[in-house]
Amino acid sequence: FSGFVLENEPMSRHTTYRIGGPARAYVRADSLRSLVDVIDACRIRGLGWFVAGRGSNLLVSDEGFDGVVISLGAEFSSCAVYDDPDIVVAGAACPLSGVVRKAFEAGRSGMEFAVGTPGSIGGALRMNAGTRNESIGMRVKSVVSYRPGAGLKRYGASDISWGYRSCSLPSDEIVLECELLTKPGDAMIKARMEGAMARRRKTQPLTFASCGSVFKNPEGESVGRLIEGVGLKGRRCGDAQISDLHANFIVNLGHAHASDVVSLMLDVQNAVRVEYGIDLEPEVRF
Ligand code: FAD
Ligand code: EPU
């Protein structure tokens, strides 16, 4: 591989969980050309690959990944606000927080819901990141992506179905850029953002390493409440712990292994199945 390449790179350096064994190679693709080259090289060598954003929804195994982790760089990192139409154009590698800030600074409304959500625009689109009421898919005007074998494509908003923490893009489709619809802001943008951030600090264990919510909420339910109901709040396995503050966060107290987190996830799934007859689906990606 050419360009910025790290061999045997611990994925614990690239995940908010601070967990994960080595990737055979960690490659930064700074341009479309280098992205295409990396994927071609993987195909020729028979290596698996996946694109990582900012690793805020990833649990990488302790054994690591015997393939290539691709991170998008320079050409995919710009973010600009336009007035007519009211849009923000953001590269997939932009931090979601940067897009929220730019929209706010330009007096645009629409991105406040995402305040405090870590991750990149690419990861946010793949996950349709959001809150209970709003998600990024609701703001999308278009998405530009690259798919090996199919090339570049521009999707309009209605070409993609946006689900709860999911979207209909094929799994090997790489998001490169998107247009997000905003509207002229009002005097309350700042207050809405501060309010959302204060709620988050109060209800989520932000001082520990985590991946955010581990499981998706079942329809009309809250996983935090279900886990409390089975008495697992606070349970530890090694340095992983079901948070005392929010039971759907399994936090890394320091040196947790992926296997510790998985062990707690299995405890939760078993107990919730027995008590409530509900199968919890992970939100975190493996
Ligand atoms: P990663 O974790 O790196 O990857 C996630 C998935 O996206 C992987 O499948 C990856 O292959 C794919 N992906 C990444 N980039 C691309 C790309 N360019 N093209 C195609 N696929 C790509 N989530 C919420 O929805 N709401 C919240 O309120 C929220 N709060 C959180 C709070 C904390 C403290 C933490 C740690 C996480 C939280 N999350 C939340 C989860 C996480 O922030 C989101 O899922 C985020 O969108 C993931 O983005 P990422 O760039 O880190 O993606
Ligand atoms: N609750 C408990 N016990 C707990 C935690 C929560 O009983 O330990 C109860 C709360 O009292 C509340 C309800 O569960 O009545 C819902 O809790 P909260 O408001 O914290 O929201 P959530 O449903 O747990 C969802 C998203 C979060 C997002 C918040 C705010 C999912 C899986 N999680 O959490 O997203 O930040 O709403 O909108 O949808 C993420 O996806 O990673 C994430 C953090």
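In listed order, ligands and their atoms are each counted from 1. We use all heavy atoms of the structure for the numbers below, so side chains are in, but hydrogens, waters and symmetry mates are not.
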## Note on the structure
At under 4.0 Å between heavy atoms, what of Thr15 touches ligand 1? The answer is neither
### Message
Any carboxylate oxygen within less than 4.0 angstrom of a Lys/Arg side-chain nitrogen, looking at Lys216 and Glu283?
### Response
no
## Note on the structure
The atoms of ligand 2 lying under 4.0 Å from a heavy atom of Gly212, numbered in the order shown, are 42 (O)
### Query
Do you reckon Tyr26 sits in the same ILVMFWY cluster as Leu58, going by side-chain contacts under 4.5 Å, direct or chained?
yes
### Task
For atom 16 (C) of ligand 1, find the nearest protein heavy atom and state the residue, atom name and distance (0.1 Å precision).
Gly122 C, 3.7 Å
### Query
Does the protein put a heavy atom less than 4.0 Å from atom 12 (C) of ligand 2?
no
### Query
Counting from 1, what ligand 1 atoms have a heavy atom of Ser210 closer than 4.0 Å?
34 (C), 36 (C)
### Query
Is it true that Arg199 lies under 4.0 Å from ligand 2, counting heavy atoms only?
no
### Message
For atom 53 (O) of ligand 1, what is the closest protein heavy atom, and at what distance to 0.1 Å?
### Response
Gly123 CA, 3.6 Å
### Task
Run down the list Glu134, Arg285, Gln204, Arg200 and name the one with the heavy atom closest to atom 30 (N) of ligand 1.
Arg200
### Message
As a quick check of understanding, evaluate side-chain contact (heavy atoms from CB on, under 4.5 Å) for Val89 and Glu177, giving each step before the final call.
### Response
CA-CA 7 Å; Val89 179; Glu177 187 183 273; 3.6 Å; yes
### Task
Report, in ascending order of atom number, the atoms of ligand 1 lying under 4.0 Å from any heavy atom of Glu173.
20 (C)
#### Entry: Separation of Phe65 CZ from Trp49 CH2 (nearest 0.5 Å)
9.5 Å
### Message
Could you see if Val284 belongs to whatever hydrophobic cluster contains Leu226? Use Ile, Leu, Val, Met, Phe, Trp, Tyr and a side-chain cutoff under 4.5 Å.
### Response
yes
#### Entry: Contact check: Gly53 vs ligand 1, nitrogen or oxygen atoms, below 3.5 angstrom
yes
When the side chains of residues 253-261 are checked against the rest of the protein, which donor-acceptor pairs come out under 3.5 Å, sequence neighbours left out?
| from | atom 1 | to | atom 2 | distance (Å) |
| --- | --- | --- | --- | --- |
| Ser259 | OG | Asp62 | OD2 | 3.3 |
| Asp260 | OD2 | His257 | N | 2.9 |

#### Entry: From the candidates Glu221, Glu228, Arg165, His246, the one that places a heavy atom nearest atom 20 (O) of ligand 2
His246
### Message
Taking the basic N atoms (NZ, or NE/NH1/NH2) and the acidic carboxylate oxygens, is any pair closer than 4.0 Å for Arg24 and Asp66?
### Response
yes
#### Entry: Residue among Glu194, Arg192, Met193 satisfying side chain to side chain contact (heavy atoms under 4.5 Å, CB included) with Lys190
Glu194
#### Entry: 4.5 Å side-chain heavy-atom contact, Ile136 and Leu96
yes
#### Entry: Under 4.0 Å to a heavy atom of Ala124 - the qualifying atoms of ligand 1, by number
47 (O), 49 (O)
### Query
Which of the listed options, Cys178, Pro118, Gly55, Ser56, holds the heavy atom that is closest to atom 41 (C) of ligand 1?
Ser56
#### Entry: Over all atoms of both residues, closest heavy-atom pair of Asn252 and Ile19
ND2-CG1, 3.7 Å
### Query
Considering only heavy atoms, which of Glu281, Gln204, Glu134 lies nearest to atom 28 (C) of ligand 2?
Gln204
## Note on the structure
Here the atoms of ligand 1 under 4.0 Å from any heavy atom belonging to Leu72 are 18 (N)
### Query
Which of these passes side-chain hydrogen bond (donor to acceptor under 3.5 Å, both in side chains) with Asn128: Ser161, Ser135, Ser168, Ser166?
Ser135
### Task
Using heavy-atom distances, let me know which of Thr131, Val51, Leu125, Val115 sits nearest atom 10 (C) of ligand 1.
Val51
### Query
What is the closest protein heavy atom to atom 42 (O) of ligand 2, and at what distance does it sit?
Ser213 N, 2.8 Å
### Query
Do Arg285 and Met127 come within less than 4.5 Å of each other through their side chains, counting heavy atoms only?
yes
### Message
Can you report which non-hydrogen protein atom sits closest to atom 9 (C) of ligand 2, along with the distance?
### Response
Ser222 OG, 3.8 Å
### Query
Do any N/O atoms on Asn128 end up under 3.5 angstrom from N/O atoms on ligand 1?
no
### Full working for salt bridge (charged side-chain N to carboxylate O under 4.0 Å, His left out) between Glu75 and Arg33
CA-CA 10 Å; Glu75 201 176 277; Arg33 182 71 260 158; over 6 Å; no
### Task
Using a strict 4.0 Å cut-off to heavy atoms of Phe249, name the atoms of ligand 2 that fall inside it.
44 (C)
Quiz: residues 148-160 side-chain donor-acceptor pairs under 3.5 angstrom, not counting sequence neighbours:
| from | atom 1 | to | atom 2 | distance (Å) |
| --- | --- | --- | --- | --- |
| Arg154 | NH1 | Ser142 | OG | 2.9 |
| Tyr155 | OH | Glu173 | OE1 | 2.6 |
| Asp159 | OD2 | Gly156 | N | 2.6 |

### Message
What I'd like to find out is whether the side chain of Phe4 reaches to under 4.5 Å of the side chain of Val27, using heavy atoms alone.
### Response
no
## Note on the structure
When distances are taken from atom 7 (O) of ligand 2, the protein heavy atom at minimum range is Arg225 CA, 3.5 Å
### Query
Got an N/O contact under 3.5 Å between Leu206 and ligand 1?
no
### Message
I'd like to know if Asp267 pairs up with Arg235 as an ion pair, taking the criterion as any Lys NZ or Arg NE/NH1/NH2 lying under 4.0 Å from an Asp or Glu carboxylate oxygen.
### Response
yes
### Message
Is the contact between Phe215 and ligand 2 made by the side chain, the backbone, both, or neither, using heavy atoms and a 4.0 Å cut-off?
### Response
backbone
### Query
Which protein non-hydrogen atom lies closest to atom 39 (O) of ligand 2, naming both residue and atom, and how far is it?
Tyr164 OH, 2.7 Å
### Task
Give yes if a backbone or side-chain nitrogen or oxygen of Phe249 is under 3.5 Å from a nitrogen or oxygen of ligand 1, and no if not.
no
### Query
Between Arg132 and ligand 2, which residue portion shows a heavy-atom distance shorter than 4.0 Å: side chain, backbone, both, or neither?
both
### Message
In the structure I gave you, are the side-chain heavy atoms of Thr182 and Ser109 within less than 4.5 Å of one another anywhere?
### Response
no
## Note on the structure
atom 18 (N) of ligand 1 sits nearest the protein heavy atom Val175 O, 3.0 Å
### Task
Keeping the roles fixed (side chain from Asn248, backbone from Ser213), state whether a donor-acceptor pair exists under 3.5 Å.
no
## Note on the structure
If we number the atoms of ligand 1 from 1 as shown, the ones under 4.0 Å from a heavy atom of Ala92 are 18 (N)
### Validation row: Ser243, Val251 side chains within 4.5 angstrom (heavy atoms)
yes
### Task
Can you confirm whether something in the protein, heavy atoms only, sits under 4.0 Å from atom 3 (N) of ligand 2?
yes
### Task
Would you mind listing which atoms of ligand 2 come within a distance below 4.0 Å of any non-hydrogen atom of Ala247?
4 (C), 8 (O)
### Task
Identify, by atom number and element, the atoms of ligand 1 in contact range of Cys211, meaning under 4.0 Å from any of its heavy atoms.
35 (C), 36 (C), 37 (C), 41 (C)
### Task
Check each of Val69, Thr117, Asn57 against atom 40 (C) of ligand 1 and report the one with the nearest heavy atom.
Thr117
### Salt bridge present between Arg108 and Asp83 (N-O < 4.0 angstrom)
yes
### Query
Which residue owns the protein heavy atom closest to atom 12 (C) of ligand 1, what's the atom, and how far is it?
Arg126 CG, 3.5 Å
#### Entry: Heavy-atom proximity to atom 30 (C) of ligand 2, best of Val223, Thr203, Thr131
Thr131
### Query
Atoms of ligand 1 less than 4.0 Å from Gly119 heavy atoms?
49 (O), 50 (P), 51 (O), 52 (O)
## Note on the structure
Counting from 1 in the order shown, the ligand 1 atoms closer than 4.0 Å to a non-hydrogen atom of Thr16 are 36 (C)
